[in-house]
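Note sheet for the following structure.
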Amino acid sequence: MLHLILVRHGETEWNVQHRYQGQSDVSLSELGQRQAQHVAGRLADQKIDAMYASDLKRAWETAGAIAEKKGLEILPDPRLRELKFGILEGLTFEEAEKQYPEMIAAWLDDFNNTPEGAETIDQFNMRIVSFLDDIKRKHAEQVLLLVGHGGSLSEILRVVLGLSPERRWYIEMDNASLSEVLIADDYVALKHINDTCHLQNLIA
């Protein structure tokens with residue numbers, strides 16, 4: 001049985017401002033750094049055989065806080081990066097809608113109408129499935145920690161749980177949240193999703 005623990009990166013200033021981050025390399029905010037320390041504390045006594053992380057700063061910094069406490073090596077994997085939003089990155093939805101009204105209207109009508117420079121949904125899914133296939137082969141019967149982004153981690157859960165592509169937007173993950181899933185040959189068990197109890201005493 002493969003045991004996956006999924007941790008979304010801590011907060012960034014762009015999260016607060018509701019800007020598309022995608023694959024722009026944004027660092028954690030001061031609060032995000034503290035969130036990373038709290039999730040590291042949550043995992044202090046958790047057995048972890050290996051840790052993979054997106055190589056984008058916000059995920060890498062979150063993973064670094066955990067690695068320091070656990071004494072683990074971080075294995076970078078760009079397949080864990082967020083969905084690439086192209087020219088929309090750095091903009092809020094309102095700014096994007098004002099600057100690119102026709103593009104946004106077409107995108108909302110059909111997500112296959114990707115914005116300029118963005119990654120298609122199929123490309124996104126293919127790299128997530130590729131990553132899952134690799135870790136299933138390399139880490140059977142192990143506990144893995146994956147530190148990534150709301151999009152990449154929710155797509156991992158969607159694929160593992162067998163949800164239809166239309167339901168990929170049904171899964172939300174807050175900053176520094178923890179989700180947990182067990183994967184066997186004949187069944188999947190979801191233990192936690194979007195768990196943020198370790199952040200309850202954190203003052204913004």
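Both backbone and side-chain heavy atoms feed into the values below; hydrogens, waters and symmetry mates do not.
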For the student: nearest non-hydrogen atoms of [X] and [Y], plus distance:
X	Y	value
W60	S54	CE3-O, 3.5 Å
A96	L88	CB-CD2, 3.8 Å
H149	L80	CD2-O, 3.1 Å
Q17	T92	O-CG2, 3.4 Å
Q46	V143	NE2-CG1, 4.0 Å
A176	V39	O-CG2, 4.0 Å

Would you confirm whether [X], through its side chain, and [Y], through its main-chain N or O, come within 3.5 Å as a donor-acceptor pair?
X	Y	answer
S154	G150	yes
T120	Q123	yes
D49	Q142	no
K57	L28	no
R158	L163	yes
N175	H9	yes
E141	M1	yes
D133	I135	no
E119	K84	yes

T12 versus Q21, side-chain donor and acceptor atoms under 3.5 Å: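 Checked: Q21/T12 side chains pair up, N/O donor to acceptor below 3.5 Å.
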
Distance-only donor-acceptor check, side chains H198 and Q35, under 3.5 Å: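 H198 vs Q35: no donor-acceptor pair found between side chains.
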
For the [atom1] atom of [X] and the [atom2] atom of [Y], what is their distance to the nearest 0.5 Å?
X	Y	atom1	atom2	answer
L6	I156	CG	CD1	6.0 Å
K138	L144	NZ	CG	11.0 Å
I5	R42	CD1	CZ	9.0 Å
H3	L182	NE2	CG	5.0 Å
Y20	I87	OH	CD1	11.5 Å
E97	M103	CD	CE	13.0 Å

Parallel, tilted or perpendicular: ring planes of F131 versus Y52, cut at 30 and 60 degrees: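 If you compare the ring of F131 with that of Y52, the planes turn out perpendicular.
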
Mutual orientation of the aromatic rings belonging to W107 and F85 [parallel < 30°, tilted 30-60°, perpendicular > 60°]: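 If you compare the ring of W107 with that of F85, the planes turn out perpendicular.
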
Could you tell me whether [X] and [Y] make a salt bridge, using a distance below 4.0 angstrom between a side-chain N and a carboxylate O?
X	Y	value
D55	R81	yes
K136	D134	no
E89	R19	no

Worked check of salt bridge (Lys or Arg N to Asp or Glu O under 4.0 Å) between R58 and E82: CA-CA 11 Å; R58 55 195 187 272; E82 183 57 283; 5.3 Å; no

Stepwise side-chain hydrogen bond (donor to acceptor under 3.5 Å, both in side chains) check, H18 with E94: CA-CA 10 Å; H18 303 291; E94 291 75 18; over 6 Å; no

Steps toward salt bridge (Lys or Arg N to Asp or Glu O under 4.0 Å) verdict (K98, E95): CA-CA 5 Å; K98 184 176 181 179; E95 290 169 344; over 6 Å; no

Identified side chain to side chain contact (heavy atoms under 4.5 Å, CB included) partner of V7 from the options D195, T62, L146, L153: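 Only match with V7 under side chain to side chain contact (heavy atoms under 4.5 Å, CB included): T62.
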
Trace of the side-chain hydrogen bond (donor to acceptor under 3.5 Å, both in side chains) decision for E13 with S29: CA-CA 6 Å; E13 292 299 336; S29 65; 4.6 Å; no

